[in-house]
Amino acid sequence: MIETVPNRVGDGLRDLGDELELRALALQVLKFKIPLEKQIALRELYKRGQAGQLYLDAQRDWAQNDDLNQHCPGIPNQPELIRATETPRRSMNTTEGLAITIHALAHIEFNAINLALDAMVRFAGLSEDYYWDWWRVAAEEAYHFSLIQHRLNQLGAQYGDYPAHSGLWDMAERTKYSFADRMAMVPRTLEARGLDACPVMQEKFRQAGETHTAQILDIILRDEITHVALGHRWFIHACAQHQHEPIREYRRIAEQHRAPRMRPPFNIPARRAAGFFEEELQAWQNQQ
């Protein structure tokens with residue numbers, strides 16, 4: 001279920017023009033740089049889809065389009081992007097430390113909006129379900145971003161106030177030429193790590209008395225299980241197309257792209273709900 005983006009992101013809806021093709025509109029939304037504008041445009045895209053006003057051209061190949069390759073994703077001038085090892089860390093017992101931690105979550109969710117839109121536009125020739133799946137994911141990620149951003153504003157900060165890293169998008173760049181690689185490395189690897197991290201983060205927030213953000217993470221975890229499950233589903237689809245054994249192919253792709261090493265703690269119930277194979281889950285747990 002996708003809740004409406006709260007009115008605090010703006011009362012009006014950005015006019016996306018007369019274009020009615022889903023992927024062309026997704027490209028327009030992907031280009032927006034200002035988070036508020038991207039949210040409003042995405043809300044309009046979602047409403048048009050809900051109302052049955054859009055059609056889908058799954059065959060158009062956008063991969064060489066200048067807009068996609070030179071102007072996307074649209075990202076704001078802030079936050080400053082730095083290496084992951086340089087991102088600021090503070091105790092959540094202070095307001096600033098809490099804001100820095102929540103800002104990191106906002107950055108992840110903003111990247112997730114762009115990742116879902118890019119997945120819709122970049123890969124052509126797939127079944128219609130694929131594009132509508134990621135249309136819904138993009139809308140849910142925008143809702144997550146709005147919840148986190150609102151809490152950040154309550155703490156006297158806003159998205160862009162603190163440095164952040166671009167690890168999620170770096171992997172998207174490395175996998176942009178392969179649908180199977182993208183599904184394996186982004187939703188099935190990096191976003192799946194969010195399933196593991198969420199309960200740990202929730203406990204830290206509760207210990208700091210930040211129950212509101214812990215409750216927001218309940219919503220995010222619920223939705224992210226379905227997002228990772230979609231990545232798993234479409235990775236399996238790609239493997240079936242090329243007659244690859246999924247576990248072996250995943251390991252090959254992970255090695256090729258130097259995926260982060262699997263490290264505990266693992267959220268086994270969430271990963272199981274997202275469709276991971278028992279053989280994988282057992283192997284990762286045995287690495288501990």
Side-chain angles (χ1 to χ4, degrees), residues 16 19-33 37-39 41-42 44-46 48-49 54-75 81 108-142 145 166-192 224 226-242 244 249-250 252-254 256-259:
L16 290 177
E19 176 64 68
L20 294 176
E21 200 281 309
L22 175 66
R23 294 173 67 222
L25 282 173
L27 177 58
Q28 287 189 42
V29 179
L30 184 59
K31 289 166 60 178
F32 284 117
K33 294 183 177 182
E37 292 183 342
K38 193 183 291 282
Q39 287 176 279
L42 187 47
E44 175 70 356
L45 177 64
Y46 185 67
R48 288 187 186 186
L54 304 180
Y55 72 95
L56 171 64
D57 180 356
Q59 301 307 315
R60 181 168 180 179
D61 187 358
W62 291 95
Q64 304 306 318
N65 183 275
D66 287 345
D67 274 351
L68 182 61
N69 293 305
Q70 296 178 21
H71 304 292
C72 291
I75 55 174
L81 297 180
I108 291 170
E109 297 302 329
F110 186 77
N111 270 273
I113 298 170
N114 287 332
L115 288 165
L117 292 168
D118 186 85
M120 292 171 64
V121 178
R122 187 169 299 279
F123 303 108
L126 298 164
S127 71
E128 291 192 3
D129 286 353
Y130 170 81
Y131 302 101
W132 291 109
D133 280 346
W134 295 106
W135 162 78
R136 188 180 74 251
V137 169
E140 290 177 344
E141 301 292 14
F145 178 78
S166 57
L168 271 174
W169 194 260
D170 289 345
M171 185 61 81
E173 281 292 314
R174 280 151 54 184
T175 57
K176 66 183 180 181
Y177 299 111
S178 168
F179 164 64
D181 290 18
R182 173 67 66 85
M183 294 297 104
M185 289 294 95
V186 176
R188 207 173 184 274
T189 299
L190 299 185
E191 294 188 59
E224 290 301 329
T226 66
H227 300 175
V228 175
L230 288 175
H232 175 77
R233 171 192 171 190
W234 290 110
F235 172 69
I236 299 303
H237 174 80
C239 289
Q241 283 186 316
H242 299 284
H244 291 149
E249 181 65 3
Y250 176 79
R252 183 195 68 77
I253 294 171
Q256 175 185 337
H257 293 288
R258 304 181 303 281

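This chain uses plain numbering: 1 for the first residue, then up along the sequence.
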Test side chain to side chain contact (heavy atoms under 4.5 Å, CB included) on L115 and W134; report intermediate values, then the result. CA-CA 9 Å; L115 288 165; W134 295 106; over 6 Å; no

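- Taking all atoms of both residues into account, the shortest heavy-atom contact from L42 to A142 is CD2-CB, 3.5 Å.
- Between the CG atom in L117 and the CG atom in L27 there is a gap of 9.5 Å [rounded to 0.5 Å].
- Relative to the six-membered ring of W62, R60 meets both conditions, a distance below 6.0 Å and an angle of at most 45° to the axis.
- Minimum heavy-atom separation, V121 to A26: CG2-CB, 3.8 Å.
- Between atom CG of residue L45 and atom CG of residue L30 there is a gap of 11.5 Å, rounded to the nearest 0.5 Å.
- In this structure, CG in D129 is found 5.0 Å from CZ in R233, a value given to the nearest 0.5 Å.
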Stepwise side chain to side chain contact (heavy atoms under 4.5 Å, CB included) test for Y130 and M183: CA-CA 11 Å; Y130 170 81; M183 294 297 104; 3.8 Å; yes

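- Judged by distance alone, with hydrogens and angles left aside, the side-chain atoms of Y131 form a donor-acceptor pair with the main-chain N or O of L126 at under 3.5 Å.
- Between D181 and R174, none of the side-chain N atoms (NZ, or NE/NH1/NH2) sits under 4.0 Å from a carboxylate O, so this pair counts as no salt bridge.
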Would H227 and E191 count as a side chain to side chain donor-acceptor pair (under 3.5 Å) here? Give the steps. CA-CA 8 Å; H227 300 175; E191 294 188 59; 4.9 Å; no

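- Ring geometry, Y250 versus F235: the interplanar angle exceeds 60°, so the pair is classed perpendicular (tilted spans 30 to 60°).
- Using a cut-off of 4.0 Å between Lys/Arg side-chain N and Asp/Glu carboxylate O, E37 and K33 are scored as not salt-bridged.
- Closest non-hydrogen pair, A41 versus F32, comes out as CB-CE1, 3.3 Å.
- H242 and H244 have parallel rings, their planes meeting at less than 30° on a 0 to 90° scale where 60° marks the start of perpendicular.
- If you take CZ on R122 and CD on Q64, they are separated by 9.0 Å, rounding to the nearest 0.5 Å.
- Other residues, nucleotides and ligands contribute over 12 non-hydrogen atoms within 6.0 Å of the CD atom of E173.
- Atom OH in Y55 sits 5.5 Å away from atom CD in E21 (nearest 0.5 Å).
- Side chain of R182 to main chain of A172: a donor-acceptor pair is present (N/O by atom type, distance under 3.5 Å, no hydrogens or angles).
- Scanning both residues, A180 and A238, for their nearest heavy atoms gives CB-CB, 3.7 Å.
- Residues F123 and Y177 keep their aromatic ring centres 6.0 Å or farther apart.
- Between P73 and F110 the shortest side-chain heavy-atom distance does not fall below 4.5 Å.
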Chi angles and distances behind the side chain to side chain contact (heavy atoms under 4.5 Å, CB included) call for W132, L22: CA-CA 9 Å; W132 291 109; L22 175 66; 3.9 Å; yes

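- Closest of all the heavy-atom pairs between T189 and A259 is CG2-CB, 4.3 Å.
- Residues N114 and K38 form a side-chain contact, since some pair of their non-hydrogen atoms from C-beta on lies under 4.5 Å apart.
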For a side chain to side chain contact (heavy atoms under 4.5 Å, CB included) check, start with the C-alpha distance between L20 and L25, then their side-chain angles and the critical distance, and finish with the verdict. CA-CA 7 Å; L20 294 176; L25 282 173; 5.7 Å; no

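- For the pair M120 and D118, the minimum side-chain heavy-atom distance is 4.5 Å or more.
- Summarising the geometry, atom CD1 belonging to I113 is positioned 12.5 Å from atom CD1 belonging to I108; distances are rounded to the nearest 0.5 Å.
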